[in-house]
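See structure below.
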Amino acid sequence: MKKIIVVVVFLMSANLIYSQDYVDIVKLSTNNATLGNIDNNYETSVNNLNMEVYYPKKLSDKAVLLTGFTVENTRLNLSPSSDRSSLTMTRLNLGMKYQHSEKWSGTYVFLPKIASDFDNIGSNDFQFGGIAVLDYQYSESYKIKFGMYASSENHGSTITPLIGLWHRSKDNKFYINATLPIRMDANYALSKNFSVGSDLATSIKSYNLSELNSDNYVQEESIRFALYAALGLMDNSIILRGKVGFDTTDYGVFNSNQKVGAQVLTFPLSTDKRNRLNSEFDSSLYVGFDAIYRFDLTKETK
């Protein structure tokens, strides 16, 4: 069912990517949900904390160096009999944005990461990914994007085709920036400092479980869609958002010797013969809060 939801979101919607007129230098997000279990009445609270820091540096008229890091922590009980797990992902974001021509630009980022419970760091905790996106400047108010994301994971390789849109209305009230199916943010300004909107964040990643030499890993398939109200402070350089949304994240536990191989989105290219060690999580409402430090590129002096 959740695989169907991923595809529906992707087709209907048809800030790691810098194809916008601002850069979120720092973003701190917290999300809290209570996820049930589809096989019984068991529930667990899921606390997710995410911090992203980016620092773009102009190298020339055509090239911008992109550096930064992402840290994410999720705390939950993976099964009724398990202790509370702390799953942490730390990732470097190293790449470049290059202006190929008047209309075309490209963003290319290398994404090495450590993802595990950080109980005993080993080779299974290290994973590598990359993203490449081409932007086409259709007009002053429209950009379209095409690209690919790929990552090595404990369960195998994940390949995600990307398509996106950037648009700002002429009156500057409506704005959308989407790189789907990874991220989407759309909002409408009700005043200079207050707006309402919606955002989408998805991910497919894995965490190595080394606690008590369990020799297992967690495969996370996450979709979070939310409505939010946002308040801008200090000339909108600081954005505060309160969010209410729908969380369909699943956390499957598998033995480290069992892999699915390559998959596109959530669809494996070969038969998935793994034996899942816990039950599937059900969907739930969630509440969240974002604090963002934003730099407006249109104000940058040449």
Side-chain angles (χ1 to χ4, degrees), residues 2 16 27-40 42-53 68-93 110-129 149-158 182 201-224 247-261 263 266 272 274-284 286 288:
K2 292 184 178 180
L16 182 61
K27 182 177 181 181
L28 181 65
S29 301
T30 178
N31 304 297
N32 296 279
T34 299
L35 297 183
N37 190 292
I38 65 172
D39 294 332
N40 50 52
Y42 171 73
E43 291 184 339
T44 180
S45 62
V46 181
N47 310 115
N48 177 266
L49 181 66
N50 183 289
M51 182 176 68
E52 302 176 45
V53 177
F69 65 88
T70 302
V71 179
E72 182 176 6
N73 176 261
T74 302
R75 298 181 62 85
L76 79 162
N77 294 85
L78 293 167
S79 67
S81 60
S82 68
D83 293 332
R84 196 158 178 81
S85 296
S86 179
L87 308 176
T88 301
M89 186 272 290
T90 60
R91 185 183 70 202
L92 291 177
N93 309 312
F110 178 52
L111 302 168
K113 65 179 179 178
I114 301 175
S116 73
D117 55 13
F118 274 69
D119 184 71
N120 184 19
I121 300 297
S123 59
N124 288 338
D125 297 2
F126 290 85
Q127 299 153 13
F128 300 92
Y149 167 78
S151 178
S152 64
E153 303 290 343
N154 294 93
H155 57 267
S157 300
T158 295
I182 295 178
T202 76
S203 67
I204 301 172
K205 56 180 177 286
S206 59
Y207 300 89
N208 184 48
L209 294 177
S210 55
E211 185 178 8
L212 303 177
N213 298 314
S214 64
D215 199 30
N216 296 326
Y217 66 86
V218 177
Q219 180 175 338
E220 175 190 307
E221 296 182 359
S222 177
I223 305 174
R224 294 189 180 101
D247 188 345
T248 70
T249 307
D250 187 29
Y251 304 88
V253 179
F254 301 91
N255 186 272
S256 297
N257 294 323
Q258 296 183 340
K259 301 182 183 297
V260 71
Q263 62 182 52
T266 60
D272 187 355
R274 296 175 298 171
N275 179 34
R276 180 165 174 157
L277 303 178
N278 68 337
S279 297
E280 184 178 348
F281 288 87
D282 205 354
S283 305
S284 172
Y286 83 96

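Hydrogens, waters and symmetry mates are skipped; everything else that's a heavy atom, side chains included, is used.
Residues Asn73 and Arg75 meet the side-chain proximity criterion, which asks for heavy atoms closer than 4.5 Å. Side chains of Phe128 and Lys113 form no contact here, defined as non-hydrogen atoms less than 4.5 Å apart. Residues Thr88 and Ile114 have side chains not in contact (no heavy-atom distance under 4.5 Å, counting atoms from C-beta outward). Inter-residue side-chain proximity for Phe118 and Thr90 is flagged as met; some heavy-atom pair is nearer than 4.5 Å.
At least one donor-acceptor pair under 3.5 Å links the side chain of Thr44 to the backbone N or O of Asn77. Put simply, the side chain of Gln258 gets close to the backbone of Asn275: a donor and an acceptor are under 3.5 Å apart. For the pair Asp117 (side chain) and Ser210 (backbone), a donor-acceptor distance under 3.5 Å is present. Without hydrogens or angle criteria, Glu153 side chain to Ser206 main chain gives a donor-acceptor distance under 3.5 Å.
Side-chain contact check for Thr249 and Asp247: at least one donor-acceptor pair (N or O, by modelled atom type) lies under 3.5 Å. In this model, a donor atom of one side chain and an acceptor atom of the other lie less than 3.5 Å apart for Arg91 and Asn93. Residues Asn154 and Gln219 bring no donor and acceptor atom of their side chains to less than 3.5 Å of each other. Between the side chains of Ser116 and Asn208, no donor N or O sits under 3.5 Å from an acceptor N or O. A donor-acceptor pair shorter than 3.5 Å cannot be found between the side chains of Ser79 and Asn278. Under the 3.5 Å distance criterion, with hydrogens and angles disregarded, no donor-acceptor pair is assigned to the side chains of Thr74 and Asn47. Side-chain contact, Glu43 with Asn37: no donor N or O sits under 3.5 Å from an acceptor N or O. Judged by distance alone, the side chains of Asn216 and Ser256 never bring a donor and an acceptor atom under 3.5 Å apart.
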Could you walk me through whether Arg84 and Ser45 pass side chain to side chain donor-acceptor pair (under 3.5 Å), step by step?
-> CA-CA 10 Å; Arg84 196 158 178 81; Ser45 62; 3.2 Å; yes
Apply salt bridge (charged side-chain N to carboxylate O under 4.0 Å, His left out) to the pair Lys205 and Glu220, showing each step before the final yes or no.
-> CA-CA 5 Å; Lys205 56 180 177 286; Glu220 175 190 307; 3.0 Å; yes
Test Val71 against Val53 for side-chain contact (heavy atoms from CB on, under 4.5 Å), laying out the working first.
-> CA-CA 9 Å; Val71 179; Val53 177; over 6 Å; no
Test log, rule side-chain contact (heavy atoms from CB on, under 4.5 Å), inputs Asn48 and Asn32 = CA-CA 6 Å; Asn48 177 266; Asn32 296 279; over 6 Å; no
Please test Lys259 against His155 for side-chain contact (heavy atoms from CB on, under 4.5 Å), starting from the C-alpha separation and ending with a verdict.
-> CA-CA 5 Å; Lys259 301 182 183 297; His155 57 267; 5.6 Å; no
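Considering Leu28, Thr30, Thr70 in turn, Leu28 is the only one that fulfils the side-chain contact (heavy atoms from CB on, under 4.5 Å) rule with Met51.
Of the inter-residue distances, the one linking Asn120 atom CG with Leu209 atom CG reads 12.5 Å to the nearest 0.5 angstrom.
No close placement of the Tyr207 and Tyr217 rings is indicated, their centers lying 6.0 Å or farther apart.
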